Amino acid sequence: MANGSVRGRVIKASEMQSTDTVGLAKWLLGKALVRTKGGKREVGIVTEVEAYHTELDLASHASRGKTPRTRVLYSLGGVWYVYLIYGMYHMLNLVTGPEGTPAAVLIRGLDTITGPGRLTRELGIDMGFNRRPVAPRTGLHLEDLGIVVPRGRIGATPRIGVDYAGPVWSRKPWRFVAKPPFG
DNA sequence: ACAAGGATACCT
DNA sequence: GGTATCCTTGTC
């Protein structure tokens with residue numbers, strides 16, 4: 001985990017509203033996830049992400065349409081989508097794209113915390129963050145530290161745990177991993 | 001290899 | 001009401 005005193009430019013919601021969800025997922029690599037609570041600041045560099053794009057994507061929760069749970073995916077990019085999986089682990093997603101386009105990027109790993117369930121547990125992220133804006137005042141936001149991950153250092157693989165989505169969608173190479181070092 | 005945990009979506 | 005399933009992890 002990067003030192004908490006490291007600071008960068010606060011990333012605005014307007015930077016997360018492209019319809020190019022896969023592009024946004026790659027763009028997120030190298031950005032800083034910043035958790036603030038009680039005056040304390042924890043910073044991690046995003047190293048592993050997955051893109052979930054539109055209702056057509058059978059691996060996306062939005063493939064079943066708009067439900068109480070998935071409603072947030074349809075909102076304007078720049079809010080968090082958090083859900084509970086296996087009764088124990090919270091998954092952290094960045095809602096992206098314009099209003100009405102259900103898309104999100106799952107944050108699966110940071111430079112020092114690998115695993116989507118571990119990172120939320122260690123940073124204290126739970127359902128309370130669901131639908132909250134990505135902004136410093138909410139306690140969880142993104143910053144640009146100026147780290148550029150070159151294309152050659154981004155690995156692409158199928159997404160994890162989505163075999164149920166059928167051959168086409170489960171095999172889309174929409175998981176992206178940044179290879180170290182990260183800045 | 002598998003149990004843990006609870007919400008969710010989809011049945012009857 | 002019931003129940004199969006789940007974008008995972010730690011321990012078996």
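Quick note on labels: first sequence line is chain A, next is B, and so on, each numbered from 1. These values consider heavy atoms only, across backbone and side chains, with no hydrogens, waters or symmetry-generated copies. Being a predicted model, the structure only gives us computed values, none of them experimental.
The side-chain heavy atoms of A:H90 and A:F129, taken from C-beta on, include no pair separated by under 4.5 Å. Annotation: side chain of A:P102 is in contact with side chain of A:E55 (closest heavy-atom distance under 4.5 Å).
Here the closest non-hydrogen pair linking A:L29 and A:V149 is O-CG2, 3.8 Å.
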Margin query: A:W169 vs A:L56, test: side-chain contact (heavy atoms from CB on, under 4.5 Å). Steps then yes/no.
Written below: CA-CA 9 Å; A:W169 295 97; A:L56 298 176; 4.1 Å; yes
Notebook entry, point to check: Reading DNA chain B 5' to 3', how would its secondary structure be written in dot-bracket notation, given Watson-Crick and G-U pairs with both distances under 3.5 Å, brackets [ ] for crossing pairs and | for partners on other strands?
Noted result: ||||.||||||.
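For DNA chain C, the span of nucleotides reached by chain A at under 4.0 Å from its heavy atoms goes, 5' to 3', from C:dC6 to C:dG10.
Here the side chain of A:S170 pairs a donor or acceptor atom with the backbone of A:G166 at under 3.5 angstrom. Remark: the backbone N or O of A:Y89 is not paired with any side-chain donor or acceptor of A:R121 at under 3.5 angstrom. For A:E50 (side chain) and A:I160 (main-chain N/O), a donor-acceptor pair under 3.5 Å exists by modelled atom type. The backbone N or O of A:T70 sits less than 3.5 Å from a side-chain atom of A:T67, completing a donor-acceptor pair.
The residue among A:R118 and A:Y164 whose nearest nucleotide of DNA chain C is located toward the 5' end is A:Y164.
Residue-level contact check: A:R121 touches the backbone only, with heavy atoms under 4.0 Å from sugar-phosphate atoms and none from bases.
Ion pairing between a basic and an acidic side chain is recognised when a charged N comes within 4.0 Å of a carboxylate O; A:K26 and A:D20 show no such pairing. Under the 4.0 Å criterion applied to side-chain N and carboxylate O atoms, A:R9 and A:E15 are assigned as salt-bridge partners. The residues A:R35 and A:E122 are annotated as not salt-bridged, no charged nitrogen and carboxylate oxygen being separated by less than 4.0 angstrom.
In summary, of the residues considered (A:K12, A:K31, A:R41), a salt bridge (Lys or Arg N to Asp or Glu O under 4.0 Å) with A:E143 occurs for A:R41 alone. Tested against A:L33 for a side chain to side chain contact (heavy atoms under 4.5 Å, CB included), the candidates A:L123, A:I113, A:D111, A:L94 yield a single pass: A:L123.
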Under 3.5 Å, sequence neighbours excluded: what are the donor-acceptor pairs made by side chains of residues 78-88 of chain A?
| unit_1 | atom_1 | unit_2 | atom_2 | d |
| --- | --- | --- | --- | --- |
| A:W80 | NE1 | A:L140 | O | 3.1 |
| A:Y81 | OH | A:H61 | ND1 | 2.7 |

Between the protein and nucleotides 2-6 of chain B, list every N/O to N/O distance that falls short of 3.5 Å.
| unit_1 | atom_1 | unit_2 | atom_2 | d |
| --- | --- | --- | --- | --- |
| B:dG5 | N9 | A:Y86 | O | 3.1 |
| B:dG5 | N7 | A:Y86 | O | 2.8 |
| B:dG6 | N3 | A:G87 | N | 3.4 |

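Under the 4.5 Å side-chain heavy-atom criterion for Ile, Leu, Val, Met, Phe, Trp and Tyr, A:M16 and A:L76 are members of distinct hydrophobic clusters.
Residues from residues 51-76 of chain A placing a heavy atom under 4.0 Å of any atom in DNA chain C, listed by number, are A:Y52, A:A59, A:S60, A:H61. Residues from residues 155-163 of chain A placing a heavy atom under 4.0 Å of any atom in DNA chain C, listed by number, are A:I160, A:G161, A:V162.
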